[in-house]
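Inspection log for the structure reproduced underneath, given as structure tokens.
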Amino acid sequence: MSEEIYDIAVIGAGPGGYHAAIRAAQFGAKVALIEKEKLGGTCLNWGCIPTKALYASSELIQKIKTHGEEFGVKCSMELDFAKAVERKNKVVNELVEGIGGLQKVWKNDVYMGHGKIVGGNKDDGFEIAIEGEENTTIKSKRIIIATGSSPALIPAFNIDHERILTSDDILDPNFKEVPKRLLVIGAGVIGCEFANIFATFGSKVTMLEYLPSPIATEEPMVVRELQKKFDELEIELHVSQNVLSVENTGNGIKATTCSADVPRDEVDNAEKNTFEADYCLVSIGRAKESGDLGLEELGIETERGAIKVNSDKLETSVEGIYAIGDVTGGVMLAHVASYEGDIAVENALTSIGGFPTKERTTNYSVVPATIFTSPNIGSVGLRRKDAKEKGIKVSMGRFTFESLGKAKCMGETEGFILVLANKETGEIVGASCIGAEAPELIAEIALAMQHGLNVHDIGATIHSHPTISEMVLEGVEDTYGMAIHKRGRPDPHFGKSH
Ligand code: NAI
């Protein structure tokens, strides 16, 4: 074992872990970062980044197809998915290298191997055995577990990674084929993003979803708008489907379903539907990666695979060991993991003492979310249904891209922004957007919400013209009927009494 004692050892180098490692070094800590596969984790290698690189190709194709001639660009198009995959691989590799470079800059020691906590405590330090390129054991005063999640596997779906695939398989650097027919099980975030990409590249995409709606977490009006686009792309969506089995038939796949309304004990006798395709993508959620970390031996509590943390400080049931990101089973988003990394680092270093840090607690009231379908979707805060359930009376502002000058110039006229403001205070309680740059627009609303700004505060902010950011201004002003480019019922005093 090396003599050196690290201040913080981070297990897992995804957007939670690598971010935490850099943040800890910025505060002057001696840091070890342990990763068993690739720096950047799921986000960089099999998730956010590769999908967005492929999405960029599909967006370009759609733009030329739908607007090319109108914009004065006449061309015949030949699609080359393999080339798009090569570009995606290049983007991924450059970013992964960048993460390695940053760790060097901050003098963090990177260990490529599987880390397992094998003993210790917060007073004497913890030992972590690393098995990998070289086997070694290191010692650290504090540990942050950031091991993430992996695609959920259901035995009945017979995921063989050949024809029946996870998102990891379909994003493999060598998967360069456009399936003629692709069946997607699960119309959540991942399913919808891939459906859009592959349908654009020419696949006949069929989706099976258990719930009565795709991406059921989003505002129903937004989902309806997305469905219009899916219809244009001839994506066939079947909701309320209970997928009973998926088989590899040798040169394709076959899935059998029945209605999700059929009670469990009547499934055998229920009417069945079958779906055939060349490949099947299973995207039904993700499982926490908490196995073989030495948790049980140390007494770190878990619940259905999720590492339990005290909700606001992110410390596990063993003092000195923290957990962040997907492995805690919270909001499974890369940016939430990074945010949690900041909090865990400050709490860990404060508990050691001598670092310029202070204790921090988590606050999840404002978490923006994005979905890179075409059009993009972004949302933050409450949906209308949530506000109603919480008894918050809201005024809704709605503004369409069709009515915005810049969006018209860009040919990006699909979609709208919805802004929900508290009827009494004018405070923004949530927003949803589908359309060009939706995730970027939502970032402004998130900032406003985080700092308790009211609709008039945004209304009084000069927004550059002509920009897509004016969608926010008009959407906010429409909550009190005073959007300039929309007829409304003006209420200049709305929310001003507070
Ligand atoms: P998800 O939870 O978003 O969607 C899974 C879908 O599968 C749900 O609609 C669910 O009802 C359905 N489902 C579950 N079991 C099923 C079954 N047996 N048959 C048919 N449908 C079934 O999970 P997803 O899409 O796998 O994404 C995983 C995580 O990754 C999510 O937390 C998501 O937020 C995150 N992610 C975020 C992205 C982003 O921020 N742009 C991109 C991709 C993923």
Side-chain angles (χ1 to χ4, degrees), residues 14-16 41-56 148-159 164-171 183-197 206-218 223 226 237-246 255-262 264 267 273 275 280-289 306 325-339 364 367-380 433-434 438-440 442-443 446:
T42 297
C43 170
L44 220 56
N45 296 285
W46 304 278
C48 324
I49 295 296
T51 43
K52 264 78 272 178
L54 290 177
Y55 167 79
S149 63
S150 54
L153 308 174
I154 291 188
F157 292 179
N158 295 309
I159 294 174
I164 307 168
L165 311 174
T166 65
S167 52
D168 287 5
D169 301 321
I170 216 159
L171 287 172
L183 183 75
V184 178
I185 301 183
V189 183
I190 293 182
C192 287
E193 290 190 350
F194 278 106
N196 175 62
I197 291 168
T206 304
M207 302 183 83
L208 304 177
E209 166 58 47
Y210 185 83
L211 295 175
S213 163
I215 38 171
T217 46
E218 293 301 326
V223 175
L226 179 67
L237 172 67
H238 298 264
V239 294
S240 302
Q241 293 293 312
N242 182 1
V243 182
L244 303 171
S245 67
V246 190
T256 307
T257 72
C258 71
S259 163
D261 301 331
V262 173
R264 220 169 255 265
V267 160
N273 304 308
F275 297 88
C280 173
L281 167 68
V282 180
S283 48
I284 53 163
R286 297 183 63 88
K288 294 99 200 162
E289 279 283 326
D326 287 9
V327 75
T328 65
V331 186
M332 288 180 143
L333 292 171
H335 44 282
V336 171
S338 304
Y339 164 78
Y364 300 104
V367 178
T370 58
I371 306 175
F372 288 88
T373 43
S374 173
N376 288 183
I377 295 173
S379 57
V380 63
C433 184
I434 179 164
E440 316 291 337
I442 288 299

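First listed ligand is number 1; within each ligand, the first listed atom is number 1. For clarity, every value in this text was computed on a predicted model and none was experimentally measured.
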(message) For the residue pair Glu289 / Ser150, report whether a side-chain donor-acceptor contact shorter than 3.5 Å exists.
(response) yes
(message) Tell me every residue that passes side-chain hydrogen bond (donor to acceptor under 3.5 Å, both in side chains) with Asp169, counting only those two or more places apart in sequence or in another chain.
(response) His161, Thr166
(message) So, using salt bridge (charged side-chain N to carboxylate O under 4.0 Å, His left out) as the criterion, who are the partners of Glu209 when residues are at least two apart?
(response) none
(request) With the side chain counted from C-beta on, respond yes when Ile284 and Ile185 share a heavy-atom pair under 4.5 Å apart, and no when they do not. (result) yes
(request) Could you name the protein residues that come within less than 4.0 Å of ligand 1, counting only heavy atoms, and order them by chain and residue number? (result) Lys52, Phe157, Ile185, Gly186, Gly188, Val189, Ile190, Glu193, Leu208, Glu209, Tyr210, Leu211, Val243, Ser283, Ile284, Gly285, Arg286, Met332, Leu333, Thr370
(message) According to side chain to side chain contact (heavy atoms under 4.5 Å, CB included), who are the partners of Glu193, at least two apart in sequence or on a separate chain?
(response) Thr51, Lys52, Val189, Ile371, Phe372
(request) Among Leu237, Val246, Leu183, Val184, find the residue that satisfies the side-chain contact (heavy atoms from CB on, under 4.5 Å) test when tested with Leu208. (result) Leu183
